[in-house]
2 protein chains.
Amino acid sequence: MLVDTRSCESSAHACSHKRSEDGCADCKVRLISVCSVLALAELEELELLSQHLSFEKGQALFGQGEAANSVYNVIEGALRLTRLLPDGRRQVMGFALPGDFLGLALQERHSVSAEALGPVKTCRFGRHDFAAVVEAKPHLLRSLHERAGYELNLAQDQMLLLGRRTAEEKVAAFLLSLRDRFARTGRCSVTVELPMGRQDVADYLGLTIETVSRILSRLDRAHTILVVPGGVRLLDQDRLRRLAAS
Amino acid sequence: MLVDTRSCESSAHACSHKRSEDGCADCKVRLISVCSVLALAELEELELLSQHLSFEKGQALFGQGEAANSVYNVIEGALRLTRLLPDGRRQVMGFALPGDFLGLALQERHSVSAEALGPVKTCRFGRHDFAAVVEAKPHLLRSLHERAGYELNLAQDQMLLLGRRTAEEKVAAFLLSLRDRFARTGRCSVTVELPMGRQDVADYLGLTIETVSRILSRLDRAHTILVVPGGVRLLDQDRLRRLAAS
DNA sequence: CGTAGGGTTGAGAAAGTTCAAATAATGTGG
DNA sequence: CCACATTATTTGAACTTTCTCAACCCTACG
């Protein structure tokens, strides 16, 4: 085979349009992305506006407060969405996985920074282009709105976690929720991959890196989990659920 | 004048439709609510589906997890939006003020409980009725979506606050943000009314009631604010801004 | 083999919490 | 309008949890 339909491996920058070989119809995340509500004809229309973009570990897709010129579908990899306080304190607002859409709100400016946690593949649109399509397709807007509602829900979960849970509850709840999210995109559900570093977890849970590390160690010693390189194996999910207090 | 256009003062329960005297066109919050995007003809259409509902202090509009049969425009008063942990720990997700819309996401079930902090007047719609109108009016959906984006922003602000700010920063930021919100609905901006109790503030900021009280006292002693019954007077807003670290 | 970047562990400090008690506000019936 | 009951708020002291700072370990990699 001369033509690899998934050959769009540009190193960190836009690859040219190869629509005929790598179209939306074959998109790995089509059915779990906003695009799932589009008919094939509509997909083709959108496809003309799209561009595949890859990013390396650590690369920023955009920064908090920047003009939102682009919006993205995440196809592969994981991202960290963060906000900063003027003095450098950081809060991770969430992690984006395949099927997630960045720029959901279609706002003027990005409200968070987005950085790749590893190699990431995205499907990029100009915001105005995309907004124009949305304008013409109310059901797409409806899909975005549904997602926004879902995001709002997650944000509320996280507020409850940040405001009212103990460190141990936070870590336990985090592991379980990450497992659930991976499960939805069809990953193994016993071993939870942690594509982010300890500092990211800490900044997500409103803890310090030391506290996260200590609690993981403690859960490991209690045989509730097994800490392995690059992830965690959930040995006793029931106990974890009890610890998470949810 | 025989007809008072704002006479709909039912005590805690639905008042009958008096559309001719108290219509959307005269609505106090029309210009700051989702309805601001509607033309007069559209308003009249919506008006037929609406119903004024009042609530007493402490009354619940709906509870977390309940089927969302209704959505509401807040016309007057203030509400507390909360989530509970199974063991009773509570997180206040936000406070709704006049012009706010409850049920923005149009989801099956309410993701929070909503309780009146004092006398509240609302404009109620059946969710399905409202959703049908939204379906027919993409610009209304667009307005809802914009609001959802704004809510998402606020939620992210709050996550940053909950996860990374100190108690003093939390309280200072809270007072300033409340002042800003009241300012947008045209209230005095030196004396900030606090329609919620200390426990509500604590549950909003992820603190205990004692800590909130102590910090307010400390700010008072430092002449940064003046604690008065039912509110707070901001004496030194610059210092407050510095304390808020934003 | 040495170095760099994560990650883990320990000891002491600090920010908040908890528990208890005192002090305001608020509402109620006489 | 007052006395009392009730609820909300404030304050203090002891205690916990989490943070800070410092050292150490491990793995990957040149």
Side-chain angles (χ1 to χ4, degrees), chain A residues 56-58 80 85 87-92 115 117-118 161-175 193-222 225-232 243 245, chain B residues 56-58 80 85 87-92 115 117-119 161-175 193-222 225-233 243 245:
Chain A
E56 302 290 334
K57 171 169 177 165
R80 177 213 303 147
L85 240 25
D87 64 0
R89 280 175 287 176
R90 192 179 72 153
Q91 178 71 31
V92 171
E115 289 130 15
L117 290 169
L161 177 144
L162 289 169
R164 287 299 179 225
R165 287 176 135 109
T166 65
E168 189 173 61
E169 289 168 348
K170 287 177 176 180
V171 172
F174 168 68
L175 293 176
E193 187 196 343
L194 293 180
M196 69 294 287
R198 293 287 187 271
Q199 186 65 60
D200 294 327
V201 176
D203 287 345
Y204 183 55
L205 299 178
L207 299 171
T208 59
I209 186 174
E210 294 95 332
T211 300
V212 171
S213 180
R214 270 188 261 273
I215 286 173
L216 287 176
S217 298
R218 197 195 317 160
L219 291 175
D220 185 317
R221 272 194 300 277
I225 66 174
L226 183 64
V227 178
V228 296
V232 159
L243 289 178
Chain B
E56 303 290 333
K57 170 167 176 167
R80 179 214 298 149
L85 240 28
D87 63 1
R89 280 175 287 177
R90 191 179 74 154
Q91 179 71 31
V92 171
E115 288 129 16
L117 290 170
L161 177 144
L162 289 169
R164 286 300 178 225
R165 287 176 135 106
T166 66
E168 191 173 59
E169 290 168 347
K170 286 177 177 181
V171 172
F174 169 67
L175 293 176
E193 187 197 342
L194 294 179
M196 68 296 284
R198 295 286 187 272
Q199 185 65 61
D200 294 327
V201 177
D203 287 346
Y204 183 55
L205 300 177
L207 298 172
T208 59
I209 187 174
E210 294 96 331
T211 300
V212 171
S213 180
R214 269 188 261 273
I215 286 171
L216 287 174
S217 299
R218 197 197 313 161
L219 292 175
D220 186 315
R221 272 194 301 277
I225 66 175
L226 183 64
V227 178
V228 296
V232 159
R233 191 170 269 265
L243 288 179

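On a predicted model such as this, the values are computed, not experimentally measured, just so you know. The analysis underlying the following values was restricted to heavy atoms, covering all of them including side chains, and did not include hydrogens, waters or symmetry mates. Chain naming here is simple, since letters A, B, ... match the order of the sequence lines and numbering starts at 1 in each.
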Using a 4.0 Å heavy-atom cut-off across all strands, classify B:Leu207 as base, sugar-phosphate, or nothing.
sugar-phosphate
Taking the nucleotide of DNA chain D with the nearest heavy atom to each, does A:Arg218 or B:Met196 sit closer to the 5' end?
B:Met196
If every non-hydrogen atom of A:Thr211 is compared with every non-hydrogen atom of A:Ala167, which pair is closest and at what distance?
CG2-CB, 3.8 Å
So, does the side chain of A:Arg165 form a donor-acceptor pair with the base of D:dT17 at under 3.5 Å?
no
Select from A:Arg164 and A:Glu210 the residue whose nearest nucleotide in DNA chain C is closer to the 5' end of that strand.
A:Glu210
Give the rounded distance in Å between these two atoms: CD of B:Gln199 and P of C:dT18.
11 Å
Minimal heavy-atom distance between B:Leu243 and B:Ala172, with the atoms involved, is CB-CB, 3.9 Å
What's the spacing between A:Arg80 CZ and A:Asp203 CG if we round to 0.5 Å?
8.5 Å
Can you tell me how far P of C:dA24 sits from CD1 of B:Ile209, to the nearest Å?
17 Å
What is the nucleic acid contact for A:Ser213, judged by heavy atoms within less than 4.0 Å: base, sugar-phosphate only, or nothing?
base
Using whole Å, report how far CZ of A:Arg221 lies from P of C:dT8.
11 Å
Mind calculating the distance between CG (B:Leu216) and P (C:dA24) to the nearest angstrom?
17 Å
Can you see which heavy atom on B:Ala173 is nearest to which on B:Arg165, and at what distance?
CB-NE, 4.3 Å
Answer with yes or no whether B:Arg214 presents, from its side chain, a donor or acceptor under 3.5 Å of a partner atom in the base of D:dG12.
yes
With a 3.5 Å cut-off and just heavy-atom distances, do the side chain of A:Arg198 and the base of C:dG5 make a donor-acceptor pair?
no
Within less than 4.0 Å of OP1 or OP2 of D:dT17, is there a side-chain N or O belonging to A:Thr166?
no
Whole angstrom is fine here: how far is it from CG in A:Leu162 over to P in D:dT18?
13 Å
Could you grab the distance from atom CD of B:Gln199 to atom CD of B:Glu210, nearest 0.5 Å is fine?
8.0 Å
Roughly how many Å is it from CG in A:Leu194 to P in C:dG6, rounded to a whole number?
16 Å
Taking only the side-chain nitrogens and oxygens of A:Thr211, find out if one of them lies under 4.0 Å from OP1 or OP2 of D:dC19.
yes
Base, sugar-phosphate, or nothing for A:Gly230, non-hydrogen atoms under 4.0 angstrom?
nothing
Nearest-Å distance, CD (A:Glu168) to P (D:dT16)?
17 Å
Whole angstroms only, please: what is the CG-C1' distance between B:Asp220 and C:dA24?
14 Å
